[in-house]
Amino acid sequence: MSKKILLSGVKPTGQAHIGNYFGAMKQFLDLQNSGDYQCYFMIADYHGLNLIQNAADMKNLINELTLDFLAIGLDPKKSIIFKQSDVSAHTELAWIFDTIVTMPYLMRAHAYKDAEAKNKELNVGTFNYPVLMAADILLYSTDVVPVGADQKQHVEYARDIAEKFNFTFCGITKDSSNTEKTTFKIPEPLILNNVATVPGIDGRKMSKSYNNTIPLFATREQITKAVMSIVTDSGSDIPANVYAIHKLFKTEAELKPLYEASKGKYKALKDALIEDIDAFIKPIRERREQLAKDSVIVAKTLSDGAKQANKVAQVKLEQAKIAIGVN
Ligand code: ADP
Ligand code: TRP
């Protein structure tokens, strides 16, 4: 039986943190290693361009994210790891979709509404974000898209856009089953909600934008500094923010004796947390340091990935061009 197709993307917009890992990247790894999927892991640099508008920063962030992917165990022998801008079919298909997607429909996107509320001078790329993401997904006949809950609506946009294209150009209605005339497969979101939101050192959601992260490849010193800054609510036996982060690294059963023996001793509990985070990060940090010494690994991974992705994407784009009559 052929494997199901899985695709997900991450924007190269900043240093990865343990919230990104437990919220998303760990699941990429588990799904890759399950052997049940042909996986595509994409560096969404053109999506990131809405934010990162400096060539040196962009280059550096793409390099860093590729190393992050490799260091956690995403494997170019098993998965196709590529960057969006290397496959021009993405932006080409996004244009085709632009002609069938309406503005009022895009205005309903949560991400657009949030961005608009904050910034009146919104760029077209932010408005059009879901259309490019639909192209990312649909080019590979993706079955499943593993994403955090915040991206669910974007996968729904991809489903709607696929259906609209199939109806407009192939005469396929929603209810009629897929036939060989259908251009785009309808993808399903795979919502990674078994991991609750990872809290940051201030108790809010861990996020690059809040400056409250523990970097995924932190040094021992960085881990110590971050853990010592975890906000504790004096008075309680168990410091909630310390415990919430600790639970990511040890089971509740493993933590019980420690937290009982050290009731109210925040320093001792933080010291234990530093040990446990470091024990987890050390091997991947060392692996990443090794990978970073290899001067060609990032370029090779991305160029091999681009070749494989292009091959698949070109076939689908051609099919779309036949459907619209421009081939
Ligand atoms: P950030 O909020 O730091 O900018 P991103 O928006 O780049 O993070 O998120 C990348 C991925 O990591 C997404 O799939 C997102 O759902 C997940 N993620 C980010 N922060 C957390 C968190 N604190 N807990 C769980 N998952 C998270
Ligand atoms: N929008 C996603 C995010 O912000 C990143 C992304 C871009 C993506 N293209 C994708 C995710 C395609 C899944 C599939 O996290």
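Counting starts at 1 for both ligands and their atoms, in listed order. The first residue of the sequence shown is numbered 1, and numbering continues consecutively from there.
A salt bridge links K185 with D143: at least one charged nitrogen is closer than 4.0 Å to a carboxylate oxygen.
Atom CZ of R288 and atom NZ of K293 lie 13.0 Å apart (nearest 0.5 Å). The structure places CG of L29 at 10.5 Å from OG of S34, a figure rounded to the nearest 0.5 Å. Atom-to-atom distance recorded for D98:CG and L106:CG is 8.0 Å, nearest 0.5 angstrom. Separation of atoms CD1 (I230) and NZ (K270) is listed at 6.0 Å; rounding is to 0.5 Å.
Of all the heavy atoms of A24, the ones lying under 4.0 Å from any atom of ligand 1 belong exclusively to the side chain.
Using a 4.0 Å cutoff on heavy atoms, K205 counts as a contact of ligand 1. Ligand 1 is approached by T197 to a heavy-atom distance shorter than 4.0 Å. Residue contacts with ligand 1 do not include V147, since none of its heavy atoms lies under 4.0 Å from the ligand. Within the structure, ligand 1 lacks Q151 among the residues with a heavy atom less than 4.0 angstrom away.
Residue-environment remark: CG (N211) stays at or below the threshold of 12 foreign heavy atoms within 6.0 Å.
For F217, there are no ring pair (Phe, Tyr, Trp, His ring centres under 6.0 Å) partners at least two apart in sequence or on another chain. Evaluation of the side-chain hydrogen bond (donor to acceptor under 3.5 Å, both in side chains) rule for Y140 yields H90 as partners, not counting sequence neighbours.
Protein neighbours of ligand 2 below 4.0 Å, counting non-hydrogen atoms: L7, S8, G9, K11, M42, A44, H47, Y129, M133, D136, I137, V145, V147, Q151.
In terms of polar-atom proximity, defined here as any N/O pair under 3.5 Å, T13 makes no such contact with ligand 1. Residue G19 has at least one N or O atom closer than 3.5 Å to an N or O atom of ligand 1. Among the atoms of S209, none of the N or O lies under 3.5 angstrom from an N or O of ligand 1.
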Quiz prompt | Verdict with reasoning, T224 to E221, per side-chain hydrogen bond (donor to acceptor under 3.5 Å, both in side chains) | solution = CA-CA 5 Å; T224 306; E221 294 71 53; over 6 Å; no
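The ligand atoms of ligand 1 that sit less than 4.0 angstrom from a heavy atom of G148 are 14 (O), 16 (O). Within ligand 1, the atoms closer than 4.0 Å to a non-hydrogen atom of M206 are 20 (N), 21 (C), 22 (C), 23 (N), numbered from 1 in the order shown. The D150 neighbourhood of ligand 1 comprises atoms 16 (O), with distances under 4.0 Å to a heavy atom of that residue.
For an aromatic pair to be called close, the ring centres must be under 6.0 Å apart, and Y37 with F28 fails this.
In this structure, of K208, Q27, K11, the residue bringing a heavy atom nearest to atom 7 (O) of ligand 1 is K208. Heavy-atom proximity to atom 18 (N) of ligand 1, evaluated over V198, N212, N20, is greatest for N20.
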With a cut-off of 3.5 Å and sequence neighbours excluded, list every side-chain donor-acceptor pair involving residues 296-307.
unit_1 : atom_1 : unit_2 : atom_2 : d
K300   : NZ     : D304   : OD2    : 2.6
T301   : OG1    : I297   : O      : 2.7

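The aromatic rings of Y129 and H47 lie tilted to each other, with the angle between the two planes from 30° to 60°.
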